2 protein chains.
Amino acid sequence: MRIGGVAKRVSLWDAGCPVARALDVIGDWWSLLIIRDAFDGVRRFGEFQTGLGIAKGMLAARLRALTERGILETVPASDGSAYKDYVLTEKGRGLFLVIVALRQWGEDHLYGPRDPRSSLVDRETGAPVARLDLRAADGRRLAWSDTEVRKVARSRTGGS
Amino acid sequence: MRIGGVAKRVSLWDAGCPVARALDVIGDWWSLLIIRDAFDGVRRFGEFQTGLGIAKGMLAARLRALTERGILETVPASDGSAYKDYVLTEKGRGLFLVIVALRQWGEDHLYGPRDPRSSLVDRETGAPVARLDLRAADGRRLAWSDTEVRKVARSRTGGS
DNA sequence: CCAATCTGGTCCTAAATTAGAACTGGATCG
DNA sequence: CGATCCAGTTCTAATTTAGGACCAGATTGG
C-alpha cells in the first residue's frame, strides 16, 4: 500500500530555538525581499510588485501575512490619495541587521571583485558601513568557535 | 482564454543586490536550519534528519544543493566508518552572523520573558554574547535610518 | 560467515504552494 | 463622464513539499 504524504508545510514555531521561530515568520522566499524594499523606502503595493517582479497574488498573501505578524502595518498613503502604504513596524525594523548580515555575506562570497552590486553606506559620509562582528559581553571579539548554544529544557523541534 | 502560469520558482541570482543573491542561495525553508545545525556540530545525514524532522528526500536535495554551492562539503566520517560527514566550508561558516542576527531578532520579538528558549553564550565565560550592532567605518553606531543603499548601474531585478 | 539491522539515500504519490494571467471594483485623471 | 490606474481576487497549470515505501551497502551480533 502506497499512499502519498500530506504536503502541508511544517511549522517551525514550536521550537525552543529562536532561529527556527524567526524562520517560521520570515523564512520564505519573498518576505525578506519585501522587507528589504521596505527599508529602501518602498511603500505601495504596486511599487513592491514591479520592483520585485512577484506575482500579485503572492504579494498580496505575503503583505497580509507580514501585517498579521506585526512586521508591517498599513497607514494612509503619504501622497494624500485614498490608497494605503505598507510600512515597517518597530518589530519589522528590528530585522535590519538580518538584512545587513545577508548583504555582507553576499558581497563577500557571491560576487567577483568587478561584479556590479549595490552597497550600504553611511548616509553622512557616503562611506560603506563597517562589517558586523560578534563580541562577548565584555567587548572581546568572538569567532563562531568561541561560542556555543546553551540548550534549554527538552525541545523536539530544533537543535539549537 | 485562460491558461495557467508556469509555476517554476523565480531566480533571484541576476540581481545587483547582494541580499537577493544571498537569498537565492540560502533563502529557502530548510537551508538555514541545516546550516544552524551544522554550526552546532551536526555532521551526519541521519542526525540532520531526526534533529530537524525533515523528509529524507528534501534533506538529500538540500544537502546536495548546499554542497554544490560550496556551503557544505563532504569529508570522510570522523568516526572512522565508511560513511561521510557534511561540514561547513569557509563560505558556509561566513553565515554565522546571519544566524546570530536571526536569533537575536527572534529572542527580542518572538518570545515572552518566560518562554523557554536556547541561548548563544561565550564558551569561555558562559555569558550571553553581546548584541550585534551596526557601525560606520569610523566606529560610530549607526541606526538603519543613518544608512542608505547606493545603487549600482541599472539592475532590473532588485531595488537594493 | 550469515542474518539482522542500521545508514544513507532514491522513488513514488498526494497535497500544498507558486507563477502567471484574466478579471474586478473603486479611485483618479482628462 | 469615459478612460485609465491601482490594488487586489480568482482561476489554472506547473512545481515543490511531505511522507512513506523501497533498496543497496555497511555494520553488528551470533
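Only a predicted model underlies this, so the values are computations on that prediction, with no experimental measurement involved. Chain A is the first sequence line, chain B the second, and so forth, proteins listed ahead of strands; every chain is numbered from 1.
- Atom CG of residue Leu120(A) and atom CD of residue Gln104(A) lie 8.0 Å apart, to the nearest 0.5 angstrom.
- Scanning both residues, Phe39(A) and Trp144(B), for their nearest heavy atoms gives CD2-CE3, 3.7 Å.
- Distance check, rounded to the nearest 0.5 Å: CZ of Phe48(B) to CG of Leu72(B) gives 6.5 Å.
- Mapped onto DNA chain C by nearest heavy atom, Ala61(B) and Lys56(A) fall at different nucleotides, with Ala61(B) at the one closer to the 5' end.
- Atoms CH2 and CD1, from Trp105(A) and Ile99(B) in turn, are 11.0 Å apart once rounded to the nearest 0.5 Å.
- With salt bridges taken as basic N to acidic carboxylate O contacts below 4.0 Å, none links Arg43(B) and Glu47(B).
- Five base pairs at each end of the helix from dC1(C)-dG30(D) to dG30(C)-dC1(D) define two local axes, and these are offset by 30° (rounded to 10°).
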Write out a two-atom table: protein N or O, nucleotide N or O from nucleotides 28-30 of chain C, distance below 3.5 Å.
| from | atom 1 | to | atom 2 | distance (Å) |
| --- | --- | --- | --- | --- |
| dT28(C) | OP1 | Ala82(A) | N | 2.4 |

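- Checked for salt-bridge contact, Asp108(B) and Lys91(A) miss the test: no charged N lies under 4.0 Å from a carboxylate O.
- Remark: P of dA7(D) and CG of Asp85(A) are 9 Å apart, rounded to the nearest angstrom.
- Going from atom CZ of Arg64(B) over to atom C1' of dG8(C) covers 12 Å, rounded to whole Å.
- Going from atom OG1 of Thr74(A) over to atom OH of Tyr83(A) covers 15.5 Å, rounded to the nearest 0.5 Å.
- Ion pairing between Arg140(A) and Asp146(A) fails under the 4.0 Å rule for side-chain N and carboxylate O.
- Using a 4.0 Å heavy-atom distance criterion, Tyr86(B) is classed as a sugar-phosphate-only contact.
- Residue Leu59(A) contributes atom CG, which lies 13 Å from atom C1' of dT9(D) at whole-angstrom precision.
- Cation-pi check for Arg21(A) over Tyr111(B) is met; the charged atom lies under 6.0 angstrom from the ring centroid and within 45 degrees of its normal.
- Atom CG of Asp40(B) is separated from atom OG1 of Thr147(A) by 8.5 Å, given to the nearest 0.5 angstrom.
- Taking every side-chain heavy atom of Arg44(B) into account, dT7(C) is the closest of dT10(C), dT9(D), dT7(C).
- For DNA chain C, no neighbouring residue in residues 21-29 of chain B is found when judged by any heavy atom under 4.0 Å.
- A sub-4.0 Å separation between OP1 or OP2 of dT18(C) and a side-chain N or O of Arg62(A) is present.
- If you measure from atom CD1 of Ile34(A) to atom P of dT18(C), you get 11 Å, rounded to the nearest angstrom.
- Between Asp133(A) and Arg135(A), at least one side-chain nitrogen of the basic residue sits less than 4.0 Å from a carboxylate oxygen of the acidic one, meeting the salt-bridge criterion.
- Separating the CG atom of Leu63(B) from the P atom of dT10(C) is a distance of 10 Å, rounded to the nearest angstrom.
- If you measure from atom CE of Met58(A) to atom P of dT9(D), you get 12 Å, rounded to the nearest angstrom.
- As a whole-Å value, the separation of Leu52(B) CG from dA18(D) P is 11 Å.
- Under the 4.5 Å side-chain criterion, counting only non-hydrogen atoms from C-beta, Tyr86(A) is in contact with Thr67(A).
- Put simply, CZ on Phe45(B) is 17 Å from P on dA26(D), counting in whole angstrom units.
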